[in-house]
Amino acid sequence: MGAPGLSVGEVVFNTAMTGYQEILTDPSYARQLVTLTYPHIGNTGCNAQDDEADRVWAAGLIVRDVPRRPSNWRSQTGLPEWLQARGVPAIAGIDTRKLTRLLRERGAQNGALLAAARHDEVPDVEQALEAARKFPGLKGMDLAKVVSTPVRYRWNEGTLDLDRNAFHTVAPRFKVVAYDFGIKRNILRMLAERGCDIEVVPAQTPAAEVLALQPDGVFLSNGPGDPAPCEYAIAAIRELLAAKIPLYGICLGHQLLALAIGAKTVKMPHGHHGANHPVQDLDSGRVMITSQNHGFCIDEATLPANARVTHRSLFDGTNQGIALTDAPAFSFQGHPEAAPGPHDVAPLFDKFIALMQDRRTETH
Ligand SMILES: NC(=O)CC[C@H](N)C(=O)O
């Protein structure tokens with residue numbers, strides 16, 4: 001159904017019913033082959049507004065069934081044409097729920113996706129198997145610096161009003177520097193919606209350069225691969241913490257914050273990838289439905305005394321959030337920016353705004 005070709009990566013299953021366009025363009029899926037448990041993928045087509053980055057980052061797509069024709073008022077093109085135009089290999093007709101059971105029982109696995117150009121082409125299965133065997137796996141792989149922007153830029157697209165399918169800007173109140181470890185556009189939109197003037201910087205930008213921009217706060221983005229080898233980011237975060245600058249991290253940014261304070265991260269058996277994962281806010285006791293996409297997590301036992309656990313997954317008890325007691329810094333493992341929703345965790349963006357407001361009040 002997509003472009004012909006051979007693609008290798010870690011095979012991950014996502015249980016969300018829709019959001020395939022956002023999933024495929026999310027840089028956190030770099031070097032991963034995504035399979036979706038929902039059987040009909042492509043129902044609402046694709047459009048120019050829902051991309052989370054300027055290209056597809058997932059290595060390939062594996063689905064059960066593609067509808068013959070998409071139907072949605074925002075659709076501009078069908079999923080197969082969209083994938084073909086972007087050179088993304090994809091296959092349909094796979095029992096993706098069986099594949100998911102395999103991954104759940106045996107854990108994350110590497111795979112190869114081989115899509116033929118013609119129906120009568122004989123696939124070179126041996127070549128595909130060899131390529132899958134050679135893929136080293138994501139553990140130890142630093143991909144944040146690979147997917148990051150090569151240059152610093154200012155986010156000036158504002159935010160998207162989904163009801164009108166139109167962009168608009170909000171008067172800026174806070175200067176935010178966002179580290180791009182694989183940043184999703186909806187994070188930038190949600191910051192812009194709350195009055196942030198955002199400067200996006202490459203993953204390897206030293207803390208001194210960020211501080212020279214005199215930001216009110218620094219955002220640590222999501223991103224692909226293993227957080228542990230991202231030494232440059234860990235070192236920068238340590239310096240930013242020492243400067244007492246408000247810090248907010250999402251997903252890879254959350255894991256990097258934990259590494260910066262001396263905790264450890266581990267690879268999970270098959271990770272969390274879906275749009276309905278229950279997470280408990282330990283302060284209020286409230287259970288929130290969240291969007292998730294991670295294969296690594298913080299080893300809570302290694303968190304130092306200055307980190308407070310704020311959220312936990314109700315699926316497996318793994319860590320979902322921390323807040324520091326000696327710095328204005330907090331982070332979340334799931335995706336408060338999820339578009340399409342759920343939006344239960346979106347108020348964490350307001351918490352970041354409040355931290356920046358507090359600091360401004362203190363220093364004036
Ligand atoms: N979405 C993300 O930021 C993912 C973080 C990291 N690459 C992981 O798999 O855990």
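Model, not experiment: these values are computed from the prediction.
Separation of atoms CZ (R74) and CD (Q49) is listed at 5.5 Å; rounding is to 0.5 Å. Annotation: the span from E199 atom CD to Q214 atom CD amounts to 12.5 Å, rounded to 0.5 Å. Considering CZ of F349 and CG of L191, their distance stands at 5.5 Å, rounded to 0.5 Å. To the nearest 0.5 Å, the span separating OG1 on T25 from CH2 on W82 amounts to 5.5 Å. Note: S7 OG to Q32 CD = 11.5 Å, rounded to the nearest 0.5 Å. A distance of 14.5 Å separates CZ in R104 from CZ in R106, rounded to the nearest 0.5 Å.
A salt bridge does not link R101 to D95: none of the charged side-chain nitrogens sits closer than 4.0 Å to a carboxylate oxygen. Salt bridge absent: R359 and E362 never bring a charged side-chain N and a carboxylate O closer than 4.0 Å. Salt bridge R185/D54: absent, no basic N to carboxylate O contact under 4.0 Å.
A single hydrophobic cluster is seen to contain both V66 and L61, as judged by linkage of ILVMFWY side chains at heavy-atom distances under 4.5 Å, directly or through other members. Residues M1 and L114 are members of separate hydrophobic clusters, defined by side-chain heavy-atom contacts under 4.5 angstrom among Ile, Leu, Val, Met, Phe, Trp and Tyr. Put simply, I245 and V201 are part of the same group of oily side chains (I, L, V, M, F, W, Y) that touch within less than 4.5 Å, one to the next. Linking Ile, Leu, Val, Met, Phe, Trp and Tyr residues whenever their side-chain heavy atoms come within less than 4.5 Å places L303 and L247 in a single cluster. Hydrophobic clustering (ILVMFWY, side-chain heavy atoms < 4.5 Å, transitive): I298 and L220 are in one cluster.
When side chains are defined from C-beta on, N222 counts as touching D26, because their heavy atoms get closer than 4.5 Å. The side-chain heavy atoms of Y20 and V63, taken from C-beta on, include no pair separated by under 4.5 Å. Counting heavy atoms from C-beta on, the side chains of D216 and V176 never come closer than 4.5 Å. With a 4.5 Å cut-off on side-chain heavy atoms, P27 and F181 do not count as touching. With contacts defined as side-chain heavy-atom distances shorter than 4.5 Å, the pair T96/I62 qualifies. Proximity of I94 to T35: side-chain heavy atoms (C-beta onward) are nowhere separated by under 4.5 Å. Using a 4.5 Å cut-off on side-chain heavy atoms (C-beta onward), R31 and L138 make contact. P39 has its side chain within reach of R97: a pair of non-hydrogen atoms, C-beta onward, lies under 4.5 Å apart.
Of the N and O atoms on the side chains of D180 and T149, not one donor lies less than 3.5 Å from an acceptor on the other residue. In this structure, a donor-acceptor pair under 3.5 Å is present between the side chains of Q255 and Q333.
The shortest heavy-atom contact between G2 and L83 is CA-CB, 4.0 Å. Summarising the geometry of W155 relative to G158, their closest heavy-atom pair is NE1-O, 3.0 Å, with the distance given to 0.1 Å. For the residue pair I198 and A192, the shortest heavy atom distance occurs at CD1-N, 3.8 Å. Here the closest heavy-atom approach between residue L241 and residue A327 is recorded as CD2-CB, 4.0 Å. The heavy-atom pair separating C196 from M356 by the smallest distance is SG-CE, 4.1 Å. When every heavy atom of N293 is checked against every heavy atom of S28, the shortest pair comes out as ND2-CB, 3.5 Å.
Around atom CE of M268, more than 12 heavy atoms belonging to other residues, nucleotides or ligands sit under 6.0 Å away. Around atom NZ of K244, more than 12 heavy atoms belonging to other residues, nucleotides or ligands sit under 6.0 Å away. Counted within 6.0 Å of CZ on R189, heavy atoms from surrounding residues, nucleotides or ligands total more than 12; the atom is thus considered enclosed. No more than 12 heavy atoms of other residues, nucleotides or ligands shown are found within 6.0 angstrom of NZ on K139. For R86, the CZ atom counts as densely surrounded, since its 6.0 Å shell holds more than 12 non-hydrogen atoms of other residues, nucleotides or ligands.
Shown are R312, H254, Q292, Q280; of these, the side chain to side chain donor-acceptor pair (under 3.5 Å) with Q320 is made only by Q292. Here the rule is ring pair (Phe, Tyr, Trp, His ring centres under 6.0 Å) with H294, and of H277, H270, H272, H335 only H272 fits it.
In this structure, E121 contributes its side chain and A117 its backbone to a donor-acceptor pair below 3.5 Å. Side-chain N or O atoms of D281 include none that pairs as donor or acceptor with a backbone N or O of R286 at under 3.5 Å. The backbone N or O of M190 lies less than 3.5 Å from no partner atom in the side chain of E337, so there is not a single donor-acceptor pair. Listed for the D50 side chain is no donor-acceptor partner under 3.5 Å among the backbone atoms of Q21. Q109 contributes no side-chain N or O that, together with a main-chain N or O of V11, makes up a donor-acceptor pair within less than 3.5 Å. Counting only distance, with no hydrogens or angles, the side chain of S75 and the backbone of P70 share no donor-acceptor pair below 3.5 Å.
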Practice task
Under the side chain to side chain contact (heavy atoms under 4.5 Å, CB included) rule, what do V345 and V279 come out as? Steps first, then yes or no, please.
Solution key: CA-CA 9 Å; V345 210; V279 166; over 6 Å; no

Exercise for the section: Please report the C-alpha distance between Y38 and N43 in whole Å, then the side-chain angles of each, then the deciding distance to 0.1 Å, and finally whether the side chain to side chain contact (heavy atoms under 4.5 Å, CB included) criterion is met. Expected result: CA-CA 11 Å; Y38 186 71; N43 286 348; 4.3 Å; yes

Practice task
Test I353 against F174 for side chain to side chain contact (heavy atoms under 4.5 Å, CB included), laying out the working first.
Solution key: CA-CA 8 Å; I353 300 292; F174 298 101; 3.6 Å; yes

Exercise for the section: Give the intermediate values and the outcome of side chain to side chain contact (heavy atoms under 4.5 Å, CB included) for residues L103 and V12. Expected result: CA-CA 8 Å; L103 295 170; V12 293; 6.0 Å; no

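Figure legend: cation-pi geometry between K351 and F330, with NZ or CZ positioned under 6.0 Å from the six-membered ring centre and within 45° of its axis.
In this structure, the ring of Y179 has its center no less than 6.0 angstrom from the ring center of F219.
Aromatic ring orientation, Y29 versus H273: tilted (interplanar angle from 30° to 60°).
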